[in-house]
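Atom set for the values below is all heavy atoms of this structure, side chains included, hydrogens, waters and symmetry mates excluded. First listed ligand is number 1; within each ligand, the first listed atom is number 1. Everything numeric in this text was worked out from a predicted model, so none of it was measured.
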Amino acid sequence: MSEETTTAGHPGGADAAVPQQARRAELAAALTRTRARLAAACRAAGRDPAEVSLIAVTKTYPARDALLLAELGVTDVGENRDQEAAPKAAEVAAAGVDLRWHFIGQLQRNKCRSVVRYADVVQSVDSVRLAAALDAAAAAGRDRPLDVLVQVSIDADPVRGGALPDDGDPDRGLGAVADRVATAGSLRLAGLMAVAPLGWEPERAFARLAGIAAGFRAAHPQAVLLSAGMSGDLETAVAHGATHVRVGSALLGMRSTLG
Ligand SMILES: *Cc1c(COP(=O)(O)O)cnc(C)c1O
């Protein structure tokens with residue numbers, strides 16, 4: 001067993017030998033490029049850039065990258081695994097830095113108690129049972145309500161994540177999940193989140209999402225956030241009304257592990 005094996009803690013992260021200044025310059029350049037893409041996408045869509053928030057997806061990258069991004073003006077970060085996010089958020093807080101943490105990954109009910117302690121927003125609620133568990137955890141573990149986006153499945157494939165649009169399923173139907181969150185004492189229904197299905201053109205995916213979001217907002221007019229778009233498709237998501245884009249690899253670099 002080589003020593004390298006035991007020190008390879010962040011396979012997708014910056015090499016510890018890379019000086020902090022070099023990493024800072026790299027992140028600054030990527031942030032400038034990403035902000036320019038967002039601004040151009042907003043211009044093309046006739047939207048005010050202030051309407052679209054950037055979430056830096058820091059999964060697989062160390063807390064020091066989140067701290068550098070915060071220095072560079074990033075306010076929101078996204079994570080998809082509790083066992084990685086909880087210590088990272090604690091490290092950032094211990095450094096006295098305030099970031100908004102968005103939980104964007106599949107969430108198991110037994111992780112809710114941990115997630116409600118550091119997350120400001122959970123974007124991946126896709127069942128009534130998960131909403132109930134998150135509500136109970138938030139009631140016990142927080143002193144203010146937790147913002148929730150319901151994750152919706154654009155292609156209505158029940159095998160993958162996401163609540164099912166146009167479906168009366170009592171646990172997975174979008175209407176049932178949204179109503180459960182909206183009536184929860186310790187959750188605040190803030191909007192929808194979606195990921196373009198594999199193999200779909202972003203245009204087709206986000207056009208369909210915009211239709212789903214319009215119906216959803218008719219029932220929940222206060223829930224106006226729409227989290228859609230990643231490194232590869234943020235322009236299309238902005239054209240179809242995204243208020244939040246979740247950008248990982250375009251900011252931090254390609255991940256060597258599946259995230
Ligand atoms: C990893 C991830 C992202 C970021 O993806 P990139 O292609 O690296 O920008 C966005 N949303 C979710 C749900 C993710 O898991």
Asker: Regarding Ser153 and Asp155, is there a side-chain donor-to-acceptor distance under 3.5 Å anywhere?
Answerer: yes
Asker: Do Asn80 and ligand 1 have an N or O pair less than 3.5 Å apart?
Answerer: no
Asker: If you count the atoms of ligand 1 from 1 in the order shown, which ones are under 4.0 Å from a heavy atom of Ser249?
Answerer: 6 (P), 7 (O), 8 (O), 9 (O)
Asker: Need the ligand 1 atom indices (1-based, order shown) with element for anything under 4.0 Å from a heavy-atom of Val247.
Answerer: 9 (O)
Asker: Going by an N to O cut-off under 4.0 Å, is there a salt bridge joining Arg23 and Asp65?
Answerer: yes
Asker: Run down the list Lys59, Met193, Arg246 and name the one with the heavy atom closest to atom 14 (C) of ligand 1.
Answerer: Lys59
Asker: So among Val92, Val77, Leu251, which one has a side chain to side chain contact (heavy atoms under 4.5 Å, CB included) with Thr58?
Answerer: Val77
Asker: So does Arg144 pair up with Asp120, basic N to acidic O under 4.0 Å?
Answerer: yes
Asker: For the residue pair Glu51 / Thr243, report whether a side-chain donor-acceptor contact shorter than 3.5 Å exists.
Answerer: no
Asker: Are Arg246 and Ser227 linked by a side-chain donor-acceptor pair shorter than 3.5 Å?
Answerer: yes
Asker: Using non-hydrogen atoms of the residue, decide whether Gln123 is closer than 4.0 angstrom to ligand 1.
Answerer: no
Asker: Of all the atoms in ligand 1, which lie at a distance below 4.0 Å from a heavy atom belonging to Ile104?
Answerer: 11 (N), 12 (C), 13 (C), 14 (C)
Asker: Please confirm whether Gly232 comes within less than 3.5 Å of ligand 1 when only nitrogen or oxygen atoms on both sides are compared.
Answerer: no
